[in-house]
Protein chains: 2
Amino acid sequence: MGTIKIIDVAREAGVSTATVSRVLNSHANVDPVLAGRVREAADKLGYRPNGIARSLRRQSTDVIALIISDVGNPFFTAITRGVEDIAQKTGYSVLLCNADEDSSKEATYLAVAEQSQVAGVILSPHQAGTDVSALSRASIPLVVIDRPLSEAMDSVMVHSRDGARAATNHLIDAGWKRPACITGPEEAATAQERLEGYFQAVREHGNLDELYVHAPFRQHGGLEGAARLLDSDNPPDALFVANAQMALGVLQEVKRRNLRIGVDIGIISFDDAPWAQFVSPPMSVVAQPAYDIGAQAAQLLLQRVGGSAPIEPRHIFLSTTLIVRESSRRHSA
Amino acid sequence: MGTIKIIDVAREAGVSTATVSRVLNSHANVDPVLAGRVREAADKLGYRPNGIARSLRRQSTDVIALIISDVGNPFFTAITRGVEDIAQKTGYSVLLCNADEDSSKEATYLAVAEQSQVAGVILSPHQAGTDVSALSRASIPLVVIDRPLSEAMDSVMVHSRDGARAATNHLIDAGWKRPACITGPEEAATAQERLEGYFQAVREHGNLDELYVHAPFRQHGGLEGAARLLDSDNPPDALFVANAQMALGVLQEVKRRNLRIGVDIGIISFDDAPWAQFVSPPMSVVAQPAYDIGAQAAQLLLQRVGGSAPIEPRHIFLSTTLIVRESSRRHSA
DNA sequence: ATGAAAGCGCTAACAG
DNA sequence: CTGTTAGCGCTTTCAT
């Protein structure tokens with residue numbers, strides 16, 4: 001049973017393929033009678049349009065690709081919702097690609113996006129150097145989120161550095177004496193920015209050591225980072241952690257060492273994960289407006305797709321919010 | 001600057017398009033010299049294959065679609081990793097689609113999958129009645145996960161009922177007198193199964209009331225479910241919660257009411273989310289082998305895609321693991 | 001081993 | 001308002 005194509009419908013309805021195409025795409029100027037016959041025929045035969053052929057001909061599709069760094073990170077899934085909500089309103093489907101903090105997977109998805117001629121892509125680049133030239137050559141609009149790209153592009157970013165600085169300052173104000181920073185891998189711009197924010201705060205307070213480690217943006221990264229820091233000669237008494245997944249690892253290691261959070265050690269992390277207020281003690285965090293990042297990025301992208309956007313790249317910056325809960329407070333033992 | 005196509009490369013290299021195609025697809029029997037010229041030309045012109053055209057001609061693609069019920073649910077993101085790891089090994093890309101517990105979004109993605117002729121799809125159907133006939137008509141292999149479909153299909157499922165029964169029994173054995181169940185929406189088979197498991201346990205113990213509510217598989221669902229149950233005349237003293245996101249909502253409501261977990265109320269939930277051991281007190285759970293579900297599903301699918309699968313649908317059943325932590329233990333006040 | 005040429009299924013000029 | 005037809009860019013027989 002070969003698939004039914006437009007010509008089969010045409011024959012069944014006694015019209016030309018052009019007419020079939022017209023009614024199926026609800027073009028104007030089609031005799032209602034013929035239209036009826038066509039729809040009937042299509043129904044009867046169970047005709048299903050071939051999207052590939054259509055795309056090839058039209059040179060366009062109505063899907064956008066969202067390439068995120070890690071599906072396991074609630075920050076990115078929240079972004080996803082923002083993108084989906086906006087895209088759906090406009091009739092676009094969003095295909096999610098999990099680059100998994102891996103440049104080669106990212107490159108694969110970028111290639112898939114390019115070769116399947118998606119209408120546009122939203123990307124959180126693994127590194128600033130990520131090569132997106134294929135997209136521009138194919139004139140596929142791109143908006144960059146979370147991490148900047150060396151090339152100028154529409155983007156929506158967060159003032160990570162300020163958030164990190166605020167977090168660290170909060171730790172110091174709360175009475176902790178040796179705050180340290182567990183940040184992401186060196187190649188990640190957000191990791192650097194958060195580290196810089198930490199540096200700023202520490203320097204503002206003078207005579208404080210700069211204590212930090214780089215580690216993967218994952219639970220095990222947080223665990224390892226905490227272990228390294230805590231094993232050092234003059235260990236920190238407070239930790240600023242660069243993302244929620246790492247924070248879980250930190251919790252794990254802190255628990256293993258039987259350290260009392262709020263007494264032996266203070267903790268604050270980036271990202272207000274759904275669980276943050278339920279861990280013990282409730283985790284203080286620097287919340288990012290994840291949903292908005294997604295929504296705004298989608299808006300920017302859809303404007304470009306629709307052609308209603310200026311030539312120059314636009315940059316949107318969003319701010320973080322410091323949410324103080326318990327893990328960062330200091331109580332004497 | 002029109003896009004470079006295969007014929008441009010052919011001209012540049014002084015060969016036919018057929019030859020270009022052959023070297024680019026590393027077919028055998030190509031003169032190394034010509035092959036070199038072709039590659040050089042392609043490089044020089046910056047040729048990028050058009051995947052759409054290729055797919056149209058080949059009538060196939062190398063991407064599989066994974067349609068999940070909710071990206072925000074760590075259970076599904078863990079499945080995603082399993083699928084990705086297997087797919088990648090075989091050279092397939094996986095496109096993730098978030099149906100968001102919504103039949104119409106699900107239908108949209110099913111249509112996208114069909115029309116873009118993905119090699120196969122892995123789906124966690126929103127309802128048993130989800131219409132996948134379009135896929136079969138297009139002979140796109142499908143494997144169903146998590147929730148069954150009325151049609152016979154390759155599937156990988158979990159013995160939810162047994163897990164639920166074990167969880168409830170554990171609650172009873174721990175000394176709780178009025179265990180209740182907060183399960184998902186009625187249309188979700190997993191919600192029903194978990195409820196049935198709860199019923200089984202309760203009935204095995206005789207003279208226990210059957211206390212339960214249906215609610216969305218989300219945090220707010222858990223919150224609302226807990227509120228309704230706790231507001232009833234003769235409220236439960238223990239809660240079996242049907243998924244991790246709901247459990248967060250339960251925690252929220254329980255906290256709001258200042259109920260002491262382990263004293264005033266016992267809790268156990270489905271799914272061992274990354275945060276489960278860090279909430280206060282550590283959450284007892286029924287763990288599902290999420291990664292394996294994904295990996296096995298991908299294996300099943302890839303066999304069909306490769307044609308190396310029997311005609312009859314295969315069904316894989318995986319078991320849950322009861323992990324007792326603190327939230328389900330009972331201490332006198 | 002290479003090239004010519006026929007489409008894959010659809011849409012959009014262009015004619016009528 | 002409808003039909004004819006020329007491709008979209010690529011792969012793959014079929015000849016040579």
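Each chain gets a letter, A, B and so on, in the order the sequences are listed, and its residues count up from 1.
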### Task
Compare the minimum distances between each of D/dC14, C/dC8, C/dA12 and the side chain of B/Leu56, then state the nucleotide with the smallest one.
C/dC8

### Query
To the nearest angstrom, how far is A/Ile7 atom CD1 from D/dG3 atom P?
12 Å

### Query
Counting only side-chain N and O atoms of B/Asn29, is one of them less than 4.0 Å from OP1 or OP2 of C/dA1?
yes

### Query
Within the pair A/Asn25 and C/dT11, is there a side-chain N or O less than 4.0 Å away from OP1 or OP2?
yes

### Between C/dT11 (C1') and A/Lys5 (NZ): distance, integer Å
16 Å

### Task
Round to a whole Å and report the spacing from CD of B/Gln117 to C1' of C/dC10.
12 Å

### Task
Take atom CD of B/Gln115 and atom P of C/dC10, then tell me their distance rounded to the nearest Å.
10 Å

### Query
Just how far, in rounded Å, is C1' of C/dC10 from NE2 of A/His27?
12 Å

### Message
Assuming nearest nucleotide by heavy-atom distance, tell me which of B/Pro49 and A/Thr17 is located more 5' along DNA chain D.
### Response
A/Thr17

### Task
Before accepting this row, confirm whether a basic side-chain N of the pair B/Lys44/B/Asp8 lies closer than 4.0 Å to the acidic partner's carboxylate O.
no

### Message
Without decimals, in angstroms, what is the distance between A/Arg11 CZ and D/dT2 C1'?
### Response
17 Å

### Task
Name the closest nucleotide to the B/Asn50 side chain, picking from D/dG9, D/dT11, C/dG9.
D/dG9

### Task
Check B/Glu151, B/Glu106, B/Arg147 against B/Thr130 for a side chain to side chain donor-acceptor pair (under 3.5 Å) and give me the one that passes.
B/Glu106

### Task
Give the rounded distance in Å between these two atoms: CG of A/Leu34 and P of D/dG3.
6 Å

### Summary
Sorted by position of nearest nucleotide on DNA chain C, 5' first, the leading residue of B/Arg57 and B/Arg22 is B/Arg22

### Message
I'd like to know whether A/Arg54 forms a side chain to side chain donor-acceptor pair (under 3.5 Å) with B/Gln115, so could you lay out the CA-CA distance, the side-chain angles of the two residues, the decisive distance to 0.1 Å, and finally the verdict.
### Response
CA-CA 9 Å; A/Arg54 167 182 297 176; B/Gln115 287 167 21; 5.0 Å; no

### Task
To the nearest Å, give me how far apart CD (A/Gln59) and P (D/dG9) are.
5 Å

### Task
Can you measure from CD (B/Gln117) to OG (B/Ser139) and round to the nearest 0.5 angstrom?
9.0 Å

### Task
Tell me which of B/Thr19 and B/Ile52 sits closer to the 5' end of DNA chain D, going by the nucleotide each one is nearest to.
B/Ile52

### Message
Before you tell me yes or no, could you show the steps for A/Val83 and A/Ile64 under side chain to side chain contact (heavy atoms under 4.5 Å, CB included), namely the whole-Å CA-CA distance, both residues' side-chain angles and the distance that decides it to 0.1 Å?
### Response
CA-CA 10 Å; A/Val83 172; A/Ile64 70 181; 4.2 Å; yes

### Summary
Taking C/dT2, D/dG3, D/dG9 as options, the one with an atom nearest any side-chain atom of A/Ala18 is D/dG3

